[in-house]
Amino acid sequence: MRPARTSDVPLIQALVEPLVQQRILLGKDAVVFYEAIQEFRIAEDDDGNVIGCGALHVMWQDLAEVRTLAVVPDWLHKGVGHAMLEDLEREAHALGLTRLFCLTFEVGFFSRHGFAPMTEEPYDPTVYAELARSTDEGVAEFLDLARVKPNTLGNTRMLKKL
């Protein structure tokens, strides 16, 4: 695992694009990846080839979203996703976060890692009002705002307490 570099953006896009086409991940413009590059971690094989990526996006004082967790098909079911998620969780702990959010079709994977479907809204009204001011789509997904529902149908909002 290593922090992503700007030179990784085309590799991240190539890794993510098949999942976007399958409607597993939401598509993003290159500029979005560049703007968030410091949030990304890269998994490499022994030869230095990119085999996975994932990002941790801080949303609030105690909360972050796991974003764009993807693994090269040949490396699926070999522990890469698990290692990526563990790395992002270590980073979350280092930042002092206590909750992780994800919006996913991969409910089984995230459940095995301690995430549970959100059954109640885990914020107080004051925090909700502040979060609702964000222009970030991930925050809108967390809040389950109507404007993101057409793009997120079928996904499960999940939360993990660290």
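Contact check for Val9 versus Phe40: no side-chain heavy atoms found under the 4.5 Å cut-off. Within the 4.5 Å cutoff, no side-chain heavy atoms of Arg157 are placed close to those of Pro117.
Arg67 and Glu65 get closest at one heavy-atom pair: NE-OE1, 2.8 Å. Of all the heavy atoms in Ala83 and Met1, the pair that sits closest is CB-CE, 3.4 Å. Across all their heavy atoms, Thr6 and Tyr34 have their closest contact at O-CE2, 3.5 Å. Residues Leu97 and Gln61 share a closest heavy-atom pair of CD2-O, 3.6 Å. Looking at every heavy atom in both residues, Met84 comes nearest to Gly54 through CE-N, 3.3 Å. In plain terms, the two heavy atoms of Thr68 and Phe33 that are nearest each other are CG2-CE2, 4.2 Å.
No continuous path of hydrophobic side-chain contacts links Val32 to Leu25 [ILVMFWY only; heavy atoms under 4.5 Å]. Taking hydrophobic clusters as Ile, Leu, Val, Met, Phe, Trp and Tyr residues chained together by side-chain heavy-atom distances below 4.5 Å, Met118 shares a cluster with Met59. In the hydrophobic cluster analysis, where Ile, Leu, Val, Met, Phe, Trp and Tyr join through side-chain heavy atoms closer than 4.5 angstrom, Ile24 is grouped apart from Ile51. Residues Val72 and Ile12 are members of separate hydrophobic clusters, defined by side-chain heavy-atom contacts under 4.5 angstrom among Ile, Leu, Val, Met, Phe, Trp and Tyr. Under a hydrophobic clustering in which Ile, Leu, Val, Met, Phe, Trp and Tyr are joined whenever their side-chain heavy atoms come within less than 4.5 Å, directly or via other members, Leu162 and Met158 fall into the same cluster.
Taking the six-membered ring where tryptophan is involved, the planes of His82 and His113 are tilted, since the angle between them lies from 30° to 60°.
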**Q.** side-chain contact (heavy atoms from CB on, under 4.5 Å) between Thr104 and Val66, worked out
**A.** CA-CA 10 Å; Thr104 187; Val66 173; over 6 Å; no
Q) For Leu85 and Phe109, what are the C-alpha separation, side-chain angles and deciding distance, and is it a side-chain contact (heavy atoms from CB on, under 4.5 Å)? A) CA-CA 10 Å; Leu85 189 54; Phe109 172 81; 3.9 Å; yes
Q) Under the side-chain contact (heavy atoms from CB on, under 4.5 Å) criterion, do Leu56 and Leu100 qualify, and how do the steps go? A) CA-CA 9 Å; Leu56 183 71; Leu100 288 179; 3.6 Å; yes
Enumerate donor-acceptor pairs with a distance under 3.5 Å from any side-chain N or O in residues 15-22 to protein atoms, sequence neighbours excluded.
from, atom 1, to, atom 2, distance (Å)
Glu17, OE2, Gln21, NE2, 2.4
Gln22, NE2, Pro18, O, 3.3

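Judged by distance alone, with hydrogens and angles left aside, the side-chain atoms of Asp45 form a donor-acceptor pair with the main-chain N or O of Asp47 at under 3.5 Å.
In this view, Arg2 and Asp8, Glu44 satisfy the side-chain hydrogen bond (donor to acceptor under 3.5 Å, both in side chains) rule, not counting sequence neighbours.
With values rounded to the nearest 0.5 angstrom, Leu63 atom CG is found 9.5 Å from His57 atom NE2. Within the model, atoms CD of Glu35 and CD of Gln38 stand 9.5 Å from one another, a figure rounded to the nearest 0.5 Å. The line from CG of Leu159 to CZ of Phe115 is 8.0 Å long, rounded to the nearest 0.5 Å.
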